[in-house]
There are 2 protein chains.
Amino acid sequence: MQTTNNLSPSITRADTVFIDLRQRIVEGDIKTGSKLSEPELSKYYEISRSTLRDALSRLEGCGLLERKANIGYRVVTLSTQKLLEIFRVRESLEGMACRLAAQNMSASQIADLKHLLEVHNQHESLQQGEAYIQEEGDLDFHFRIVMGSGNILLTRLLCEELYYLVRMYRYQFGMASPRAKRAFSEHHHIIQAIEDKDGELAEILMRRHISASRKNVEKRMNTL
Amino acid sequence: MQTTNNLSPSITRADTVFIDLRQRIVEGDIKTGSKLSEPELSKYYEISRSTLRDALSRLEGCGLLERKANIGYRVVTLSTQKLLEIFRVRESLEGMACRLAAQNMSASQIADLKHLLEVHNQHESLQQGEAYIQEEGDLDFHFRIVMGSGNILLTRLLCEELYYLVRMYRYQFGMASPRAKRAFSEHHHIIQAIEDKDGELAEILMRRHISASRKNVEKRMNTL
DNA sequence: AATGGCTTTATTGTCGACAATTAAAACTAA
DNA sequence: TTAGTTTTAATTGTCGACAATAAAGCCATT
């Protein structure tokens, strides 16, 4: 029997351009607030404007681009205000994700996550102050907990929309978090609550964890 | 000086089709899970496939359509499982919105909201059991609180993505909530907390309010 | 009759060109 | 020179057509 191959990638030109543009925007290669010229980009990627616009519309869906009728697409502008808004949304969504993860994560998933934490701890002690790896590790931790929630909608909102914005801020605002060790400890407490199947505590701890990062940004903002 | 008219609507063909399709999908005129034929729809609206696809891509961004490469767009399918996921997300996001609304809503905004509640109460006592008005009123209440949060990202996620899905479920699952009076009372308590600037309580009450709806669906699901 | 492969048809992906709108440049008048 | 207006150029919105892929129909074989 020929099973209807539901997992056929069928990668399309617009897909590859979408992924490449997304990376260039997140990493700041295409500057914040800059206008995207359709003729220019279609020439760059050697594709037609139609397929480019397909890719651009998806990037708008991710919240990385903004569009005005008859004017065109612009890369979103970053601001401390918007960053604080993201923290608020993450606090609520990831708090819920953590509560659900405590209910739904399997023993092996939890074991994997604990192992991941150990690996990150090794890295941290080896290359102390290496902010990049640290931050990527942090996001990896959060990513896995969201996946562990088993809530597809929640996962889509966080992993396919917000996290690209989060990475964009980290790249371009360069937040070398001074709370590395504390963050690691908080991660440890969170996973303990998940292991104990204490969803209520897990949510509280995750919310505090993210809220602390937000307050950290607010504090720095006030000193500037 | 000619101020650059930033508020020029510049309504485009794709915009009107987008809005019309959105309504037809939400109200079930275009059936859940059905495949959208681009040639057919472009003929129906008397537009080219290009501008139709523009509208469709935006509907995908709203979570009303799903797309597979080389296969096309389908209206999302509804399920109790997905509805429960929406409730979880709403519980977290609207809880946060309510907390922020308690901090940020102006006195006049709060007064307007209280007035709205009274109007809804009148309607409810006049046309008892008229589920439609009741449900629309409920969503209007939630809508205003989200707006009152002052968090643009939060507002975008809820009002431009989730609420259309919520209305779609209400139209097509026809949830004549048996908790009308209780819901009204809960709304009253929530706005009281907001008026008292008690963000923590406001969040708890809103979460309970939404959680109760979710449990209501879960209960009904078990009896079927 | 049912299954597997092939052919045909239809749909989506991609392309280039024209029309409508906006932004820039050039021009005129004070 | 500067403000306002007109003209020009560039960009986006829209269109129809072709190519690539998937679905449907057909035939042969078991």
Side-chain angles (χ1 to χ4, degrees), chain A residues 1-22 24-25 30-31 33-62 64-77, chain B residues 1-22 24-25 30-31 33-62 64-77:
Chain A
M1 174 191 175
Q2 169 82 1
T3 74
T4 54
N5 193 349
N6 207 351
L7 296 172
S8 62
S10 281
I11 198 73
T12 173
R13 251 163 272 224
D15 288 326
T16 62
V17 172
F18 164 67
I19 293 173
D20 189 75
L21 274 174
R22 185 174 60 189
R24 288 175 64 189
I25 292 170
I30 300 179
K31 287 194 186 65
S34 66
K35 179 166 170 358
L36 300 187
S37 163
E38 296 182 6
E40 186 179 323
L41 279 177
S42 58
K43 240 175 264 176
Y44 175 85
Y45 285 109
E46 295 180 334
I47 57 177
S48 75
R49 271 184 59 222
S50 305
T51 143
L52 174 72
R53 281 161 71 88
D54 191 343
L56 294 183
S57 71
R58 280 187 249 176
L59 288 167
E60 186 190 12
C62 293
L64 296 179
L65 296 183
E66 287 171 348
R67 182 188 187 185
K68 284 184 185 173
N70 288 308
I71 292 180
Y73 291 94
R74 301 190 85 88
V75 180
V76 293
T77 59
Chain B
M1 175 190 174
Q2 170 82 2
T3 75
T4 54
N5 192 349
N6 207 352
L7 296 171
S8 62
S10 280
I11 199 74
T12 174
R13 252 161 270 222
D15 288 327
T16 63
V17 172
F18 164 67
I19 292 172
D20 189 76
L21 275 174
R22 186 175 60 188
R24 287 174 65 189
I25 292 170
I30 300 179
K31 288 194 185 65
S34 66
K35 179 166 170 355
L36 300 186
S37 163
E38 295 181 8
E40 187 179 324
L41 278 176
S42 58
K43 242 176 261 175
Y44 175 85
Y45 284 110
E46 295 180 334
I47 57 176
S48 75
R49 272 183 59 222
S50 304
T51 142
L52 174 71
R53 281 162 70 89
D54 191 343
L56 295 183
S57 71
R58 279 187 250 178
L59 288 167
E60 186 189 11
C62 294
L64 296 178
L65 296 183
E66 287 171 348
R67 183 187 187 185
K68 284 184 185 173
N70 288 308
I71 291 180
Y73 290 93
R74 302 190 84 86
V75 180
V76 294
T77 59

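Just so it is clear: chains get the letters A, B, ... in the order the sequence lines come, proteins before strands, and each one is counted from 1. Here the structure is a predicted model, which is why all the values come from computation and not from measurement.
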Self-check item: Residue pair B:Asp54 / A:Arg53, side-chain heavy-atom distance below 4.5 Å
Solution: yes
Exercise. Please work out if B:Arg53 contacts a base, only the sugar-phosphate, or nothing of the nucleic acid, heavy-atom cut-off 4.0 Å.
Key: base
Quiz prompt | Spacing of B:Glu40 atom CD relative to C:dT11 atom C1', expressed in whole Å | solution = 12 Å
Quiz prompt | Value in whole Å for how far the P atom of C:dA20 lies from CD1 of A:Ile71 | solution = 19 Å
Quiz item: Any N or O donor-acceptor pair linking the side chain of B:Arg49 to the base of C:dG13 at under 3.5 Å?
Solution: yes
Quiz item: Just to confirm, is there a sub-4.0 Å distance from OP1 or OP2 of C:dG13 to any side-chain nitrogen or oxygen of B:Arg67?
Solution: yes
Quiz item: Can a side chain N or O of A:Ser50 be found less than 4.0 Å away from OP1 or OP2 on C:dG16?
Solution: no
Quiz item: Within this structure, what is the CG-to-P distance between B:Leu65 and C:dT12, rounded to whole angstrom?
Solution: 12 Å
Quiz item: Where the side chain of B:Glu38 is concerned, which of D:dA23, D:dT14, C:dG13 is the nearest nucleotide?
Solution: C:dG13
Quiz item: So, for A:Tyr45 and A:Arg24, which heavy atoms are closest and what is the spacing to 0.1 Å?
Solution: OH-NH1, 3.0 Å
Quiz item: If you pin B:Arg13 and A:Ile47 to their nearest nucleotides in DNA chain C, which one's is more 5'?
Solution: A:Ile47
Self-check item: D:dT12 phosphate, OP1 or OP2, under 4.0 Å from B:Thr12 side-chain N/O
Solution: no
Self-check item: Separation of atom CG in A:Leu36 from atom P in D:dT12, rounded to whole Å
Solution: 9 Å
Quiz item: Is there a side-chain polar atom (N or O) of B:Lys35 under 4.0 Å from OP1 or OP2 of D:dA23?
Solution: no
Exercise. Specify the separation, in whole Å, of atom OH of B:Tyr73 and atom C1' of C:dG13.
Key: 11 Å
Self-check item: Length of the CG-P vector between B:Asp15 and C:dT21, whole Å
Solution: 13 Å
Practice problem: Describe the nucleic acid contact of B:Leu56 in one word from base, sugar-phosphate, nothing, applying a heavy-atom distance below 4.0 Å. | Solution: nothing
Quiz item: Given side chains that start at C-beta, do those of B:Asn70 and A:Thr12 come closer than 4.5 Å, heavy atoms only?
Solution: no
Self-check item: 5' precedence on DNA chain D between B:Asn70 and A:Gly72 (nearest-nucleotide basis)
Solution: A:Gly72
Exercise. Might you point out which heavy atoms bring A:Ser42 and A:Arg49 nearest each other, and give the distance in Å?
Key: OG-CG, 3.9 Å
Quiz item: Quick one: A:Asp54 CG to D:dG13 P, roughly how many Å, whole number?
Solution: 14 Å
Exercise. Counting heavy atoms from C-beta on, name the nucleotide in C:dT14, D:dC15, D:dT14 closest to the side chain of B:Ala14.
Key: D:dT14
Quiz item: Using a cut-off of less than 4.0 Å, is there contact between a side-chain N or O of B:Ser48 and OP1 or OP2 of D:dC15?
Solution: yes
Quiz item: At what distance, to the nearest 0.5 angstrom, does CG of A:Leu21 lie from OG1 of A:Thr16?
Solution: 9.5 Å
